[in-house]
K.L.:
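One structure, pasted below without further comment.
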Amino acid sequence: MKAVVAHGYGGPDALSVDDVAVPRPGPGQIQVRIGATALNPADLRTLSGVLRDLTPLQFPYVLGSDFAGAVTELGPGVDRYAVGEQVFGVGLPRATGRMATMLADPPSLTTGTMAEYAVFEADTAAIARRPAGLDPQHAATLPIAGLTALAILRAAGIEPVSAGDPAGGSGPARPRAGQDRTVLVIGAAGGVGGAVVPLLAAAGARVLATGVAADEGYLRALGAAEVIGYRDVDLVAELRRRHPEGVDVLVNLALPGSALPATSRVLRAGGRVLNAAFPSPDPAAFAGMAVHVDNVYAAAGPGDLDLLARYAVDGTLPSTIGRRYRLSEAPRAYADLVGTHVRGKLVVTA
């Protein structure tokens, strides 16, 4: 089969599309014919070697984690799925060990989704059946971005609305969990922002989003009440001008951790910093500041992927696919991920 392979640590220039053996499922595993897979910055972070002490890779190494596809073979002992069923979800490299348990327990591991076929553990909350009303390419964009977004809302104390609930539509007016919160989302035009902004807006939060000028229409369509062009203004000064009372929550999807203490000056006393970017901030850097700081990671609990699928089907989570590539073009897709301004998700199709 064809797969996107690295033969050593590096960046997008270390990638090639090679012929490799088709992986076969062992006990408790399923083989999936991959129909679509979405790129994540973590794919390249792992490949760079910065995490090699935690996740030492074995080469040749096949990239990819998010996916949608069809079950093509069952390993011994699997009765959760049947051959031919449509599934979607996320698996982490088998080398990740404890990190994979943070994503889901039992862990979700894979041979790499940037390939024609991949093998996954069957018994994990990080894989679910794809409903007929959900396009496979859209489904492939949901797992990491959507699970991170759910974790952010929950860490902010904002419970996501029930899927199918009219968020300001024709239903009767009722209080919503986030309606008294002002939330700043930094890096809102990226993959996670495309999930967290609409979920926050649906829950009733007032979303302030940062982006480039060309992103404004896109971010407002996702639900942002205000868009701030971070290249055009001093972000802290502009937010203090617009919101002198401070914002309640700062969601960081883009800034390095070292930049967060200064940016956190936009928070009101007792506000919360929720960081989902790498590298993480040093908690000691916030000493003396009346804010709460948490690092937030994607985590799949029972039913979370089903919830994301319902959000996608009912329109709460619109498709945010910015560009599509064929598998043969995947190395270029990864180069675009790091070398260009990316809006939404980049998707590779079979």
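In this chain, numbering begins with 1 at the start of the sequence shown.
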K.L.:
When you look at CD of Q58, are more than 12 heavy atoms from neighbouring residues, nucleotides or ligands closer to it than 6.0 Å?
P.N.:
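For Q58, atom CD is not crowded (no more than 12 foreign heavy atoms under 6.0 Å).
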K.L.:
Kindly write out the residues that satisfy side chain to side chain donor-acceptor pair (under 3.5 Å) with R240, not counting sequence neighbours, or none if the list is empty.
P.N.:
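For R240 there are no side chain to side chain donor-acceptor pair (under 3.5 Å) partners, ignoring immediate neighbours.
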K.L.:
Scan residues 221-230 for pairs that pass side-chain hydrogen bond (donor to acceptor under 3.5 Å, both in side chains), counting only residues two or more places apart or in two chains.
P.N.:
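Of all non-adjacent pairs touching residues 221-230, those that pass side-chain hydrogen bond (donor to acceptor under 3.5 Å, both in side chains) are R206-E226, E226-R242, E226-H243.
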K.L.:
Test of understanding: with side-chain contact (heavy atoms from CB on, under 4.5 Å), list the residues that count as partners of E216, not counting sequence neighbours.
P.N.:
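Expected list: R220, V227.
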K.L.:
Tell me, which pairs form a side-chain hydrogen bond (donor to acceptor under 3.5 Å, both in side chains) where one or both residues lie in residues 330-340, sequence neighbours left out?
P.N.:
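Applying side-chain hydrogen bond (donor to acceptor under 3.5 Å, both in side chains) to every pair that reaches into residues 330-340, excluding sequence neighbours, yields D43-Y334, R323-T340, Y325-D336, E329-R332.
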K.L.:
For S16 and H7, run side-chain contact (heavy atoms from CB on, under 4.5 Å): C-alpha distance rounded to whole Å, both residues' side-chain angles, the deciding distance at 0.1 Å, then the answer.
P.N.:
CA-CA 9 Å; S16 58; H7 294 277; 4.2 Å; yes
K.L.:
Identify every side-chain donor-acceptor pair in residues 123-134 under 3.5 Å, counting partners at least two apart or on other chains, and give the distances.
P.N.:
{"from": "T124", "atom 1": "OG1", "to": "P106", "atom 2": "O", "distance (Å)": "3.4"}
{"from": "T124", "atom 1": "OG1", "to": "A126", "atom 2": "N", "distance (Å)": "3.1"}
{"from": "R129", "atom 1": "NE", "to": "E85", "atom 2": "OE2", "distance (Å)": "2.7"}
{"from": "R129", "atom 1": "NH2", "to": "R80", "atom 2": "O", "distance (Å)": "2.3"}
{"from": "R130", "atom 1": "NH1", "to": "L134", "atom 2": "O", "distance (Å)": "2.6"}
{"from": "R130", "atom 1": "NH2", "to": "Q86", "atom 2": "OE1", "distance (Å)": "3.0"}

K.L.:
Cut-off 3.5 Å, side chains only: do T72 and Q31 have a donor facing an acceptor?
P.N.:
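Side-chain D/A pair, T72 to Q31: present.
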K.L.:
According to ring-ring contact (aromatic ring centres under 6.0 Å, His included), who are the partners of Y9, at least two apart in sequence or on a separate chain?
P.N.:
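Testing Y9 for ring-ring contact (aromatic ring centres under 6.0 Å, His included), a comparison that skips the adjacent residues, returns F59.
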K.L.:
What residues form a side chain to side chain donor-acceptor pair (under 3.5 Å) with S48, not counting sequence neighbours?
P.N.:
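Partners of S48 by the side chain to side chain donor-acceptor pair (under 3.5 Å) criterion come out as none, since no residue qualifies.
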K.L.:
Remaining members of I321's ILVMFWY cluster at a side-chain heavy-atom cut-off under 4.5 Å?
P.N.:
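Besides I321, the cluster holds V347.
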K.L.:
Please lay out, stage by stage, how D306 and L308 fare under the test side-chain contact (heavy atoms from CB on, under 4.5 Å).
P.N.:
CA-CA 5 Å; D306 297 319; L308 292 172; over 6 Å; no
K.L.:
Determine, step by step, whether N40 and S65 satisfy the side-chain contact (heavy atoms from CB on, under 4.5 Å) criterion, reporting the C-alpha distance in whole Å, the side-chain angles of both residues, the deciding distance to 0.1 Å, and the verdict.
P.N.:
CA-CA 8 Å; N40 290 293; S65 53; 3.4 Å; yes
K.L.:
For K2 and D19, run salt bridge (charged side-chain N to carboxylate O under 4.0 Å, His left out): C-alpha distance rounded to whole Å, both residues' side-chain angles, the deciding distance at 0.1 Å, then the answer.
P.N.:
CA-CA 5 Å; K2 297 293 186 183; D19 288 306; 3.1 Å; yes
K.L.:
For F286, enumerate each residue passing the ring-ring contact (aromatic ring centres under 6.0 Å, His included) test, keeping only those at least two apart in sequence or located in another chain.
P.N.:
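Listed in chain order: nothing, the list is empty.
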K.L.:
Of all residues at least two apart in sequence or in a different chain, which pass the side-chain contact (heavy atoms from CB on, under 4.5 Å) check with T110?
P.N.:
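Only T113, A118, F120 meet the side-chain contact (heavy atoms from CB on, under 4.5 Å) criterion with T110.
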K.L.:
Name each donor-acceptor pair under 3.5 Å that joins a side chain in residues 195-202 to protein atoms two or more places apart or in another chain, with its distance.
P.N.:
none

K.L.:
Which pairs count as side-chain hydrogen bond (donor to acceptor under 3.5 Å, both in side chains) when at least one residue sits in residues 264-276, sequence neighbours excluded?
P.N.:
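Applying side-chain hydrogen bond (donor to acceptor under 3.5 Å, both in side chains) to every pair that reaches into residues 264-276, excluding sequence neighbours, yields D248-R268, N252-N275, R272-D294, N275-N295.
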